[in-house]
Amino acid sequence: MVKFYTAANLSNELIEAIEYKRILKLERQLAKVDLLIIDEASYITFNRHQSELLFKVITDRAERSVIISTRFKVL
């Protein structure tokens with residue numbers, strides 16, 4: 001299965017998952033995806049919390065499965 005997110009959408013979904021106490025469920029769903037594509041990360045500025053959440057998703061997946069990030073700018 002392939003899952004596509006813009007960085008803003010994924011960040012917002014992660015924050016909502018924390019607010020509604022369903023972050024573990026979302027993390028399990030993301031772990032089952034064969035290919036995760038994150039797009040448009042360079043178009044918006046993330047706060048520290050958003051950056052940490054996205055970084056965790058990326059680093060967790062980088063060791064186990066495929067991830068593609070496009071238009072990603074690291075500052």
**Prompt:** Do S11 side-chain atoms and A7 backbone N/O form a donor-acceptor pair below 3.5 Å?
**Reply:** no
**Item:** Side-chain donor/acceptor of R61 to backbone N/O of K56, under 3.5 Å
**Value:** no
**Fill in**
side-chain hydrogen bond (donor to acceptor under 3.5 Å, both in side chains) filter on E16, not counting sequence neighbours, yields none
**Request:** Show your reasoning for whether side-chain contact (heavy atoms from CB on, under 4.5 Å) applies to I68 and I38.
**Result:** CA-CA 6 Å; I68 295 174; I38 303 174; over 6 Å; no
**Message:** Tell me every residue that passes side-chain hydrogen bond (donor to acceptor under 3.5 Å, both in side chains) with R64, counting only those two or more places apart in sequence or in another chain.
**Reply:** none
**Prompt:** Between D34 (side chain) and V2 (backbone), is there a donor-acceptor pair under 3.5 Å?
**Reply:** no
**Message:** Any heavy-atom pair between the side chains of L14 and Q50 that's under 4.5 Å?
**Reply:** no
**Message:** Measuring from atom NZ of K3 to atom NZ of K32, what distance do you get when rounded to the nearest 0.5 angstrom?
**Reply:** 12.5 Å
**Check: N9 side chain, Y5 main-chain N or O, donor-acceptor pair, under 3.5 Å** = no
**Item:** Connected via hydrophobic side-chain network under 4.5 Å: L26 and I15
**Value:** yes
**Request:** Using the test side chain to side chain contact (heavy atoms under 4.5 Å, CB included), find all partners of V66 that sit at least two apart in sequence or belong to another chain.
**Result:** L35
**Message:** Between R48 and E52 (salt bridge meaning N to carboxylate O under 4.0 Å), is one present in this structure?
**Reply:** yes
**Asked** Which atom pair, heavy atoms only, marks the closest approach of V57 to L10?
**Response** CG1-CD2, 4.3 Å
